[in-house]
Amino acid sequence: MIPVTKTFLPPQEEYQAILSRAWDAGWITNRGVLVKELEEKLKSYLGVPNIIATTNGTLPLQIAIKALKLTGEIITTPFSYVATTSSIVWENCTLVFVDIDPEYLSIDDTKIEAAITSKTTGILATHVFGNPCNVGAIDLIAKKYELKVIYDAAHCFGVTYKGESIFNYGNVSTCSFHATKIFHTGEGGALFTRDEDLLHKLFYHHNFGHRGQEDFYGLGLNAKMSELQAALGLSVLPYYEFLKAERKKIITFYNIHLEEMQRLRLRDETSWNYSYFPVVFPSEIKLVEAKSALNAVGIFPRRYFYPSLNSLPYVEYKEIPIAESVSSRILCLPVYTGLETVNLEKICNILKEI
Ligand SMILES: *Cc1c(COP(=O)(O)O)cnc(C)c1O
């Protein structure tokens with residue numbers, strides 16, 4: 001069976017050697033040595049001034065909304081993972097969906113201004129498949145209307161834009177280190193900001209609001225990463241360049257053999273991480289046909305992102321034409337370390353026939 005992705009597991013003895021340090025310390029949570037070491041390594045590896053490691057990539061979105069005091073309406077994209085939308089709803093804000101660009105697949109920045117009202121306080125956009133949003137244009141709009149910007153950068157580990165970590169854009173960026181992402185800690189994630197005051201808020205929000213043991217700065221929840229997660233991250237990190245190179249080979253193969261299909265258009269000046277390979281079919285009927293043909297031979301691509309988030313059961317439905325159309329026609333093909341060329345050929349041949 002060939003799934004859409006496979007979790008990379010480092011040699012178990014390497015994980016255990018790192019884990020034994022937590023055992024020796026008798027300390028497995030509350031920001032022990034391994035979480036701090038992972039944070040330091042990621043800071044220098046990614047080129048970011050600050051990072052807070054978290055227990056997943058969803059709580060950081062909620063924490064960011066809270067720390068930036070967003071209320072009222074938040075402008076967002078319907079073409080993302082459900083966590084982007086659910087975080088806004090969970091924080092009692094109102095969703096305002098803006099359609100996406102049909103080629104870059106991120107929010108269409110030229111449509112944002114028309115969606116701003118007196119109630120708008122922020123923009124929460126996703127760098128879809130690790131492809132940066134038009135961050136320059138979004139930044140100008142945010143300044144003009146005094147809005148805060150959060151980027152869901154769950155897919156963006158290692159991505160740079162204009163020579164700088166993509167995590168350095170916006171007021172806050174978040175990442176996911178879930179097992180299906182290119183760099184992972186099993187479950188995990190991170191918060192990024194360049195603003196020191198905001199960093200302080202994000203930090204205490206992620207740790208129950210604590211100010212020492214007996215005092216509190218304010219409201220918090222628990223989004224701390226554990227030592228067990230950090231140990232996995234520390235044992236995966238040395239393989240990141242290898243994982244990226246392997247994915248690059250696979251995606252280069254797809255790009256050559258599936259040249260006629262609509263593929264992701266990367267924004268100029270992006271150094272990408274080869275995290276996903278989506279193809280967009282001319283119709284949903286063609287997509288379903290292709291998916292069935294692949295499934296019949298044990299290949300399981302994923303409809304991702306599908307459905308468009310404006311059709312979630314807890315969202316008041318309003319048509320968002322491009323996002324709905326793309327969602328219904330997009331399929332992510334298998335990309336993972338160890339995926340063999342014979343199988344890539346099989347996938348490409350089946351798609352070419354259709
Ligand atoms: C994976 C993902 C998340 C959620 O991350 P978790 O670590 O699974 O909580 C959020 N947004 C996007 C776009 C994602 O792909």
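The basis for the numbers below is simple: all heavy atoms, side chains too, and nothing from hydrogens, waters or symmetry mates. Ligands are counted one by one from 1 in listed order, and the atoms in each one are counted from 1 as well. Bear in mind the structure is a predicted one, so any value in this text is a computation, not a measurement. Starting from 1, each residue takes its place in the sequence as its number.
Atoms of ligand 1 found under 4.0 Å from any heavy atom of G188 (numbered from 1 in listed order, with element): 7 (O). Residue contact check: A83 has heavy atoms under 4.0 Å from atoms 10 (C) of ligand 1. Of all atoms in ligand 1, numbered sequentially from 1 with element shown, those under 4.0 Å from a heavy atom of T58 are 4 (C), 5 (O), 6 (P), 9 (O). In summary, the atoms of ligand 1 found under 4.0 Å from a heavy atom of G57, numbered by their order in the structure, are 5 (O), 6 (P), 7 (O), 9 (O).
Residue contact annotation: Y304 has a non-hydrogen atom under 4.0 Å from ligand 1. Ligand 1 is approached by S80 to a heavy-atom distance shorter than 4.0 Å.
Counting protein heavy atoms only, atom 12 (C) of ligand 1 is closest to A154 CB, 3.3 Å. Remark: minimum distance from atom 11 (N) of ligand 1 to any protein heavy atom is reached at D152 OD2, 2.7 Å. When hydrogens are left out, the protein atom nearest atom 1 (C) of ligand 1 is K181 NZ, 1.7 Å; that is the closest non-hydrogen contact.
In this structure, H127 contributes its side chain and A153 its backbone to no donor-acceptor pair below 3.5 Å. In terms of modelled atom types and a separation under 3.5 Å, the side chain of S226 and the main chain of Q229 share a donor-acceptor contact. T7 contributes a side-chain N or O that, together with a main-chain N or O of A179, makes up a donor-acceptor pair within less than 3.5 Å.
Closest heavy-atom approach to atom 15 (O) of ligand 1 within the set H178, E187, H155: this belongs to H155.
Between F253 and H257, the ring-plane angle classifies as parallel under the 30° and 60° cut-offs. A tilted orientation is assigned to the rings of Y276 and F129, their planes being inclined by 30° to 60°.
Counting all heavy atoms, side chain and backbone alike, N273 lies closest to F157 at ND2-O, 3.0 Å.
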Given ring-ring contact (aromatic ring centres under 6.0 Å, His included), test F8 with Y239 step by step and report yes or no. CA-CA 9 Å; F8 169 76; Y239 291 93; 5.1 Å; yes

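Geometric assessment of R267 against the ring of Y161 yields a negative cation-pi assignment under the 6.0 Å and 45° thresholds.
Among the atoms of Y81, none of the N or O lies under 3.5 angstrom from an N or O of ligand 1.
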